[in-house]
Amino acid sequence: MARRFVLPARTPEASAASGALRADLQIDYAAELNPQQLAAATASGGPTLIVAGAGTGKTRTLVYRVAYLVETGVEPDRIALLTFTRRAAREMLVRASGLLDGRCERVRGGTFHAFCVEVLRQHGEAIGLPRRFTILDQADAADVIDLVRTEKGLDSRERRFPKKRSLQRILSSAANRGMSVQEVIEEEHPHYARHADAIAELGDAFQATKRRYGLADYDDLLGLTAQLLATQEAIRKQVSGRLTHVLVDEYQDVNHVQADLVRLLASEHGNVTVVGDDAQSIYRFRGADVGHILAFPERFPGARVLKLEENYRSTQPILTLANHVLEGAREKYEKRLFTRKEGGETPGLVPCPDEEWQSRFVCELVLGTREAGVPLARQAVLFRASWCSYALEAELTRRQIPFVKVGGLKLAEAAHVKDMVAHLRVAENAADAVAWNRALLLLEGVGPRTVRKVLDWIGAQEASGADAYGLAFGADARYADSVRALAALLADLRDGRPLADQVDRLLAYYRPHFERIYDDWGRREPDLDGLADLAARYETRADLLESFALDPVDLSQEDVEGAYRDEPPLVLSTIHSAKGLEFDTVVLIDALDGVLPNEYAVKTQAELDEERRLLYVALTRAERELYVSYPASRWRRGSGGFLTRVSRFLEDTPEALLERVALVEETSGSALPPADARGAIGAGGGKGGETPKRLGP
DNA sequence: CGTCAAACCCGTGCG
DNA sequence: GGGTTTGACG
């Protein structure tokens, strides 16, 4: 290749590492890794930051690092590998085991949240958290906030007081960023400024309520662990001292609390390796701060900074486009991605007259690519928001093209599943007021007022050490029977029968309520079976509940997979959920200004930069073929307008980097707008250019 | 107090 | 299209 690549100077560690590798190692690291990867995988102790561009073998390097540590004598269970998804952790440990041996399975790998739960179950009592605390998801947390708000009488007094969902966001944001509620409101929700003090007060009451009922939301899992380690010297020494190495994946997405946790966990040994790519930081909305990866060298003095720059995933045209998109954003760690892959098609930009055309285009492209030998599962359709794919899903279903959607509604978030789970939670933790609330409201004749009475009664029972499950309070004749039935159910759930039987018993109890409450219960029914199937995989109720909170299953997955077991399905995914994945062929749909960037994320430069990085992440998922499509107009819900412009991040892209592709309909043969479009796409194999793309009616 | 239906309001991403 | 709030009624 004529292109000139500038490789960074070799760091002392790199040459030292390659020169000093022990001869007795099973794995030939130098042969299997490039020099940059080798330096990263075999770096000695101390703080290390690996800046790894998209597709540069970041996971591979981390896997080899795990294997290297184990092979050079580090006890596997004294290595913590922290990730953001369970999938990532599992995948790495399985691969490391394949590389070396089963010892790698004993590495403590998991999400930050899962790791924290473990610590809290063991040591949480030191800060007043009961061993059997219940984990709240976002909606649960919002319910608790609502409960507190009602108690404080903040709802009726003021008209424009934020609703529970907004309150939950604000309080969560404050917790994750290590800011005060007032600061968060000032920065992100200035229109609530007058309520700032009331909201802060509500936040304190929220914390108190969670502690009183033995509840912990996602933020608490991290926050309480950090608090525990920061305030209980002996426990910090014990937890950190148990470890000799801490490895963190996707470090660009850590929030304030997680960065703190990493520091605390490494405090006793200082061996902390973090891997990340500041260009792929896309979780600002949940408190992630790219500043942590940028400030790593200052936060951990003496830190090594290593870079991975050779991309093994994509062809050069795809990388060129991705790099072009990124140029508009600030990027602190200079790195230039390059590939040795030769050739490759220029990515295509596909304007479609409307959404329906877009769906047809995607279906045809996918089928054509499959004809050319690329399995459906190696192809992906990506989008900014979950709702973007609704029309496409309908078309795929109509044509019986199997697909899975990643990153949509979770099974655990569906109202009817929450109903079921509430009963299990009550059985597990008598103090779980949110679950009681949900279970009791199902009963006919019971409303918020009655729930309040029952909760008070339960509180009194608990305080006096009496049985809280008997529900022997002065039950009104209107609902006495149903309360008795509930008490009977709870007694059965608690009598120690196998989990699967508990769920059967619960289903029998719930069914009449289910059919009464939801007029569309037929459509919801498969989810209950899904829950029963899931339950069959766990030993205990506690395991099921914990997994439910920490590893939410996608709602649609079960039935779709079952229906098309013969062929692994096409992947539909939000860009967020696609991070870390790669596909032969990628189509990004709905690349409209207003969708990407989202119209509500254009106010500040920081928001806009993140949207740009999101596009970058989407583009760099593709190995060989890449298309970006958008409908010429898309109805915008709510304020009644149309989105018509292509994403601002793409609009001035030179044709050489992103080639216009015209859709041509077979019957008429006439090109659709824009009239000046030059190319036409070829179906499979990406050889296209000559043959107009044919779309069946 | 509770229920039901109609009006209302949405910011999307996730453990 | 779904969850939440409101207002009329039992």
Side-chain angles (χ1 to χ4, degrees), chain A residues 82-89 110-117 135-139 141-143 146 155-156 159 161-166 169 172 176 188-189 216-222 250 253-255 257-258 281-288 382-388 390 406-410 412-416 418 440-441 443-453 476 478-479 516-520 523-524 546-554 573-579 590 594-603 607 610-611 613-614 617-618 636-639:
Chain A
L82 299 174
T83 62
F84 280 84
T85 65
R86 283 198 168 181
R87 191 190 59 204
T111 60
F112 275 97
H113 292 87
F115 185 90
C116 288
V117 168
I135 302 169
L136 303 178
D137 67 19
Q138 247 172 319
D143 285 343
D146 221 28
D155 51 343
S156 49
R159 261 273 151 90
F161 200 75
K163 303 203 191 77
K164 62 178 181 181
R165 193 83 197 163
S166 312
R169 261 170 212 278
S172 176
N176 281 321
E188 295 171 9
H189 308 267
D217 61 24
Y218 289 139
D219 304 328
D220 291 332
L221 297 182
L222 305 176
E250 310 276 17
D253 283 329
V254 295
N255 63 32
V257 185
Q258 286 162 326
S281 169
I282 55 174
Y283 281 104
R284 215 181 84 90
F285 71 91
R286 67 173 192 204
L382 305 183
F383 33 86
R384 172 67 177 85
S386 190
W387 51 265
C388 292
Y390 290 162
V406 189
L409 192 63
K410 296 288 189 280
E413 287 163 3
H416 45 296
K418 273 190 167 304
L440 289 165
L441 281 177
L443 308 180
E444 247 174 323
V446 175
R449 217 65 189 205
T450 311
V451 170
R452 191 69 256 165
K453 265 197 299 194
D476 195 297
R478 273 175 305 173
Y479 45 80
R516 173 173 53 83
I517 300 167
Y518 303 103
D519 43 15
D520 61 343
R523 200 168 55 77
R524 293 169 183 257
E546 191 164 305
S547 160
F548 225 73
L550 293 178
D551 193 12
V553 177
D554 286 309
S573 175
T574 58
I575 300 172
H576 283 92
S577 299
K579 196 166 69 151
D590 278 356
V595 175
L596 183 62
N598 188 292
E599 61 181 318
Y600 297 104
V602 295
K603 287 188 292 288
E607 286 175 329
E610 175 140 321
E611 296 289 308
R613 291 192 296 262
L614 209 42
V617 169
R636 188 174 52 180
R637 300 172 308 157
S639 47

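As the structure is a computational prediction, the values presented were derived from the model and not from experiment. In what follows, chains are A, B, ... by sequence order, proteins preceding strands, each numbered from 1. Atom set for the values below is all heavy atoms of this structure, side chains included, hydrogens, waters and symmetry mates excluded.
- Contact annotation for A:F84: backbone-only contact, meaning every heavy-atom pair under 4.0 Å involves sugar-phosphate atoms and none involves a base.
- Residues A:H576 and A:V617 have side chains not in contact (no heavy-atom distance under 4.5 Å, counting atoms from C-beta outward).
- Both A:N176 and A:L443 lie near DNA chain B, and the one whose nearest nucleotide falls closer to the 5' end is A:L443.
- Rounded to whole angstrom, the span from the CG atom of A:L136 across to the P atom of B:dG15 amounts to 17 Å.
- Residue-level contact check: A:R384 touches the bases, meaning some heavy atom is under 4.0 Å from a base atom.
- Rounded to an integer number of Å, the gap from CD1 of A:I282 to P of B:dG15 is 11 Å.
- In this structure, A:H576 atom NE2 and B:dT12 atom P are separated by 13 Å, rounded to whole Å.
- Looking at heavy atoms from C-beta onward, A:V254 lies in side-chain contact with A:F112 at the 4.5 angstrom threshold.
- Of the listed nucleotides (B:dG13, B:dG15, B:dT12), B:dT12 has the atom at the smallest distance from the side chain of A:W387.
- The side chain of A:A385 has B:dT12 as its nearest neighbour among B:dG15, C:dT4, B:dT12.
- Rounded to whole Å, atom C1' of B:dC14 lies 14 Å from atom CG of A:D217.
- Looking at heavy-atom distances under 4.0 Å, A:V446 makes contact with sugar-phosphate atoms alone, never a base.
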Dump the pairs, protein N or O against N or O of nucleotides 8-10 of chain C, anything under 3.5 Å, distances to one decimal.
none

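- Computed from coordinates, the A:H416 NE2 to C:dG3 P distance equals 9 Å when rounded to whole Å.
- The NZ-P distance, from A:K163 to C:dG2, rounds to 19 Å in whole Å.
- Under a 3.5 Å cut-off, the side chain of A:E250 and the backbone N or O of A:F84 do not form any donor-acceptor pair.
- In this structure, A:E444 reaches the sugar-phosphate backbone alone: every heavy-atom distance under 4.0 Å involves primed, P, OP1 or OP2 atoms, never a base.
- At a threshold of 4.5 Å between non-hydrogen side-chain atoms, the residues A:F383 and A:I575 do not count as touching.
- No donor-acceptor contact under 3.5 Å links the side chain of A:R165 to the base of C:dG2.
- Residue-to-nucleotide proximity on DNA chain B shows that, of A:E607 and A:V451, the 5′-proximal contact is made by A:V451.
- OP1 or OP2 of B:dC14 has not a single side-chain nitrogen or oxygen of A:T85 nearer than 4.0 Å.
- Contact record, A:P597 with A:E611: CA-OE1, 3.3 Å, taken as the closest heavy-atom pair.
- Applying the 4.0 Å criterion to OP1 and OP2 of B:dT12, one finds that A:T574 has every side-chain N and O outside that range.
- Taking atom NZ on A:K164 and atom P on B:dC10, their separation rounds to 15 Å, with Å as the unit.
- To the nearest 0.5 Å, atom CG of residue A:L136 and atom CG of residue A:D220 are 8.0 Å apart.
- At a threshold of 4.0 angstrom between heavy atoms, the contacts of A:F112 with the nucleic acid are absent.
- Among the protein residues, A:R284 comes within range of no part of the nucleic acid, since none of its heavy atoms lies under 4.0 Å from any strand.
- Applying the side-chain hydrogen bond (donor to acceptor under 3.5 Å, both in side chains) rule to A:D253 yields the partners A:K579; only residues at least two apart in sequence or on another chain are considered.
- Residues forming a side-chain hydrogen bond (donor to acceptor under 3.5 Å, both in side chains) with A:N176 (at least two apart in sequence, or on another chain): A:S172, A:D219, A:N255.
- The CD-P distance, from A:Q138 to B:dG13, rounds to 11 Å in whole Å.
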